[in-house]
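Heavy atoms only: backbone and side chains are in, while hydrogens, waters and symmetry mates are out.
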Amino acid sequence: MDETLGEWCVRWLSSPVSEVLFEAGSLSAVSGVRLVDGRDVVVKVRRPMPRLRAAYVVQRHLWQSGYPAPEPLVPPVPFGTAECASAEQLVRGGDSGGRGPGDAARSAGALAWLLRAAPAVAGAGDLSPSPPWVAWDHMEAGLWPALDDGPGD
(Lines give C-alpha, C1' and ligand atoms only; values in the text may rest on other atoms or scores of the structure.)
Protein backbone atom coordinates (compact mmCIF):
# COMPACT_ATOMS: atom_id res chain seq x y z
CA MET A 1 0.00 0.00 0.00
CA ASP A 2 2.94 2.37 0.62
CA GLU A 3 3.70 2.77 -3.09
CA THR A 4 0.02 3.29 -3.93
CA LEU A 5 -0.31 5.76 -1.05
CA GLY A 6 2.70 7.71 -2.27
CA GLU A 7 1.36 7.87 -5.82
CA TRP A 8 -2.07 8.91 -4.53
CA CYS A 9 -0.54 11.75 -2.48
CA VAL A 10 1.38 13.05 -5.47
CA ARG A 11 -1.74 12.97 -7.63
CA TRP A 12 -4.28 14.39 -5.18
CA LEU A 13 -2.17 16.42 -2.73
CA SER A 14 0.55 17.51 -5.19
CA SER A 15 3.35 16.33 -2.93
CA PRO A 16 5.16 13.05 -2.27
CA VAL A 17 5.28 11.44 1.17
CA SER A 18 8.43 12.12 3.16
CA GLU A 19 7.47 10.15 6.27
CA VAL A 20 4.70 7.85 7.50
CA LEU A 21 3.74 9.13 10.96
CA PHE A 22 1.29 6.37 11.91
CA GLU A 23 -0.92 3.64 10.51
CA ALA A 24 -4.13 2.43 12.09
CA GLY A 25 -7.50 1.20 11.11
CA SER A 26 -10.47 -0.99 11.60
CA LEU A 27 -13.16 -0.08 9.10
CA SER A 28 -10.69 2.05 7.12
CA ALA A 29 -6.94 1.92 6.60
CA VAL A 30 -5.75 5.19 8.11
CA SER A 31 -2.30 6.65 7.51
CA GLY A 32 -0.87 9.83 8.96
CA VAL A 33 1.82 11.13 6.64
CA ARG A 34 4.16 14.08 6.41
CA LEU A 35 4.44 15.35 2.87
CA VAL A 36 7.61 16.71 1.30
CA ASP A 37 5.97 20.17 1.26
CA GLY A 38 5.72 20.05 5.09
CA ARG A 39 2.01 19.33 5.50
CA ASP A 40 0.86 16.61 7.89
CA VAL A 41 -2.24 14.86 6.58
CA VAL A 42 -4.40 11.85 7.31
CA VAL A 43 -5.38 9.61 4.41
CA LYS A 44 -8.31 7.22 4.89
CA VAL A 45 -8.70 4.29 2.49
CA ARG A 46 -11.94 2.27 2.39
CA ARG A 47 -14.61 0.76 0.18
CA PRO A 48 -16.47 3.42 -1.80
CA MET A 49 -19.99 4.26 -0.61
CA PRO A 50 -22.27 7.20 -1.48
CA ARG A 51 -22.34 8.41 2.13
CA LEU A 52 -18.60 9.12 2.09
CA ARG A 53 -19.08 12.00 -0.35
CA ALA A 54 -21.90 13.37 1.82
CA ALA A 55 -19.71 13.04 4.92
CA TYR A 56 -17.01 15.05 3.14
CA VAL A 57 -19.57 17.78 2.32
CA VAL A 58 -20.70 17.91 5.96
CA GLN A 59 -17.14 18.01 7.33
CA ARG A 60 -16.13 20.77 4.88
CA HIS A 61 -19.21 22.79 5.90
CA LEU A 62 -18.42 22.32 9.60
CA TRP A 63 -14.78 23.31 9.10
CA GLN A 64 -15.76 26.39 7.09
CA SER A 65 -18.24 27.34 9.84
CA GLY A 66 -15.47 27.42 12.44
CA TYR A 67 -16.29 24.13 14.13
CA PRO A 68 -13.05 22.48 15.35
CA ALA A 69 -12.99 19.75 12.71
CA PRO A 70 -9.92 18.88 10.63
CA GLU A 71 -9.88 20.63 7.27
CA PRO A 72 -10.93 18.16 4.57
CA LEU A 73 -8.40 18.32 1.75
CA VAL A 74 -9.52 15.68 -0.77
CA PRO A 75 -13.00 14.21 -1.15
CA PRO A 76 -13.34 10.44 -1.66
CA VAL A 77 -11.58 9.64 -4.94
CA PRO A 78 -10.31 6.37 -6.45
CA PHE A 79 -7.47 4.55 -4.70
CA GLY A 80 -6.24 1.51 -6.55
CA THR A 81 -8.84 -0.59 -8.33
CA ALA A 82 -11.50 -1.25 -5.69
CA GLU A 83 -11.17 1.37 -2.98
CA CYS A 84 -11.39 5.11 -2.46
CA ALA A 85 -9.41 7.48 -0.30
CA SER A 86 -9.91 10.91 1.21
CA ALA A 87 -7.52 13.22 3.03
CA GLU A 88 -7.76 15.78 5.78
CA GLN A 89 -5.40 17.94 7.77
CA LEU A 90 -3.74 16.14 10.67
CA VAL A 91 -4.66 17.95 13.87
CA ARG A 92 -2.45 17.09 16.81
CA GLY A 93 -3.34 17.23 20.47
CA GLY A 94 -6.87 17.47 21.67
CA ASP A 95 -8.54 15.81 24.57
CA SER A 96 -10.55 12.63 24.39
CA GLY A 97 -12.61 13.66 27.40
CA GLY A 98 -13.32 11.92 30.64
CA ARG A 99 -16.13 10.61 32.78
CA GLY A 100 -16.81 13.44 35.21
CA PRO A 101 -19.73 15.91 35.31
CA GLY A 102 -17.64 18.65 33.74
CA ASP A 103 -16.68 16.33 30.90
CA ALA A 104 -20.31 15.48 30.19
CA ALA A 105 -21.21 19.18 30.08
CA ARG A 106 -18.28 19.91 27.75
CA SER A 107 -19.33 17.05 25.44
CA ALA A 108 -22.93 18.25 25.46
CA GLY A 109 -21.79 21.76 24.56
CA ALA A 110 -19.68 20.44 21.66
CA LEU A 111 -22.62 18.36 20.43
CA ALA A 112 -24.97 21.36 20.59
CA TRP A 113 -22.43 23.45 18.63
CA LEU A 114 -22.07 20.64 16.08
CA LEU A 115 -25.83 20.43 15.56
CA ARG A 116 -26.14 24.20 15.15
CA ALA A 117 -23.26 24.31 12.65
CA ALA A 118 -24.20 21.23 10.60
CA PRO A 119 -25.80 21.73 7.20
CA ALA A 120 -29.32 20.52 6.44
CA VAL A 121 -29.38 16.81 5.66
CA ALA A 122 -31.11 17.47 2.34
CA GLY A 123 -28.15 19.56 1.17
CA ALA A 124 -25.46 17.08 2.19
CA GLY A 125 -26.20 14.36 -0.33
CA ASP A 126 -26.91 10.66 -0.09
CA LEU A 127 -26.11 9.36 3.40
CA SER A 128 -26.80 5.72 2.56
CA PRO A 129 -26.08 3.09 3.45
CA SER A 130 -26.19 3.96 7.11
CA PRO A 131 -23.25 2.56 9.08
CA PRO A 132 -24.32 -0.61 10.94
CA TRP A 133 -23.32 0.76 14.36
CA VAL A 134 -25.92 3.54 14.10
CA ALA A 135 -28.31 2.14 11.45
CA TRP A 136 -30.70 5.08 11.71
CA ASP A 137 -32.88 3.44 9.06
CA HIS A 138 -33.02 -0.05 10.63
CA MET A 139 -36.29 -1.97 10.50
CA GLU A 140 -35.87 -3.83 13.80
CA ALA A 141 -38.08 -3.37 16.84
CA GLY A 142 -36.84 -0.75 19.28
CA LEU A 143 -34.85 2.44 19.04
CA TRP A 144 -31.38 0.97 18.50
CA PRO A 145 -30.23 -1.59 15.94
CA ALA A 146 -28.89 -4.98 17.00
CA LEU A 147 -25.18 -5.08 17.85
CA ASP A 148 -23.04 -5.62 14.78
CA ASP A 149 -19.84 -6.76 16.47
CA GLY A 150 -20.43 -10.49 16.49
CA PRO A 151 -18.03 -13.28 15.55
CA GLY A 152 -16.46 -12.77 12.15
CA ASP A 153 -17.36 -9.08 12.10
Side-chain angles (χ1 to χ4, degrees), residues 1-100 103-104 106-111 113-115 117-119 121 124-138 144-153:
M1 179 161 136
D2 290 336
E3 184 177 322
T4 306
L5 177 63
E7 292 169 0
W8 188 92
C9 288
V10 168
R11 178 171 183 191
W12 297 102
L13 294 165
S14 302
S15 182
V17 173
S18 68
E19 179 183 359
V20 175
L21 304 172
F22 65 85
E23 294 178 315
S26 176
L27 300 172
S28 302
V30 180
S31 299
V33 297
R34 177 161 295 133
L35 302 176
V36 169
D37 67 13
R39 291 179 292 165
D40 290 347
V41 301
V42 175
V43 178
K44 298 176 183 175
V45 178
R46 57 202 137 191
R47 291 178 302 145
M49 294 182 194
R51 70 178 162 81
L52 297 178
R53 179 71 176 172
Y56 170 84
V57 168
V58 170
Q59 184 175 346
R60 175 149 282 295
H61 178 90
L62 290 168
W63 178 79
Q64 289 173 329
S65 298
Y67 190 81
E71 177 185 5
L73 303 171
V74 180
V77 293
F79 185 94
T81 58
E83 296 176 302
C84 72
S86 59
E88 61 190 42
Q89 172 193 22
L90 173 60
V91 177
R92 297 187 184 279
D95 184 0
S96 62
R99 298 184 180 269
D103 298 309
R106 188 169 46 99
S107 293
L111 177 59
W113 182 11
L114 175 78
L115 293 174
V121 173
D126 186 359
L127 292 169
S128 63
S130 64
W133 58 91
V134 291
W136 55 75
D137 55 355
H138 74 89
W144 300 104
L147 294 176
D148 75 320
D149 58 350
D153 189 358

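Shown here are the side-chain contact (heavy atoms from CB on, under 4.5 Å) partners of Leu115, two or more places apart in sequence or in another chain: Leu111. Arg51 is linked by a side chain to side chain donor-acceptor pair (under 3.5 Å) to nothing, counting only residues two or more places apart in sequence or in another chain. The side-chain contact (heavy atoms from CB on, under 4.5 Å) test applied to Val42 returns Phe22, Val30, Lys44, Glu88, Leu90, not counting sequence neighbours. Looking at residues two or more places apart in sequence or on another chain, you find a side chain to side chain donor-acceptor pair (under 3.5 Å) between Ser130 and Asp137. By the side chain to side chain donor-acceptor pair (under 3.5 Å) test, Arg60 is found to be paired with Tyr56, residues two or more places apart in sequence or in another chain being considered. Residues satisfying the salt bridge (Lys or Arg N to Asp or Glu O under 4.0 Å) criterion with Arg92, sequence neighbours excluded, are Asp40. The side-chain contact (heavy atoms from CB on, under 4.5 Å) check on Val36 picks up Ser15, Pro16, Ser18, with sequence neighbours excluded.
Across all non-hydrogen atoms, the minimal contact from Ala82 to Pro48 is O-CD, 3.4 Å. Nearest heavy-atom pair, Val45 versus Glu83, reported as atom, atom and distance to 0.1 Å: CG1-OE1, 3.6 Å.
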Determine all donor-acceptor pairs shorter than 3.5 Å in which one atom belongs to a side chain in residues 64-77; sequence neighbours excluded.
from, atom 1, to, atom 2, distance (Å)
Ser65, OG, His61, O, 2.8
Tyr67, OH, Ala110, O, 3.3

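No side-chain heavy atom of Leu21 sits less than 4.5 Å from a side-chain heavy atom of Val33. Between Pro119 and Val58, the closest side-chain pair of non-hydrogen atoms falls below 4.5 Å. A 4.5 Å side-chain heavy-atom check between Gln89 and Val41 finds every atom pair outside the cut-off. Side-chain contact between Trp136 and Pro131 is present, with heavy atoms from C-beta onward closer than 4.5 Å.
The structure places CD of Glu7 at 9.0 Å from CZ of Phe79, a figure rounded to the nearest 0.5 Å.
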TODO: Walk me through it: do Cys9 and Leu5 pass the test side chain to side chain contact (heavy atoms under 4.5 Å, CB included)?
DONE: CA-CA 6 Å; Cys9 288; Leu5 177 63; 4.1 Å; yes

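Using modelled atom types, no side-chain atom of Trp12 and backbone atom of Ser86 make a donor-acceptor pair closer than 3.5 Å.
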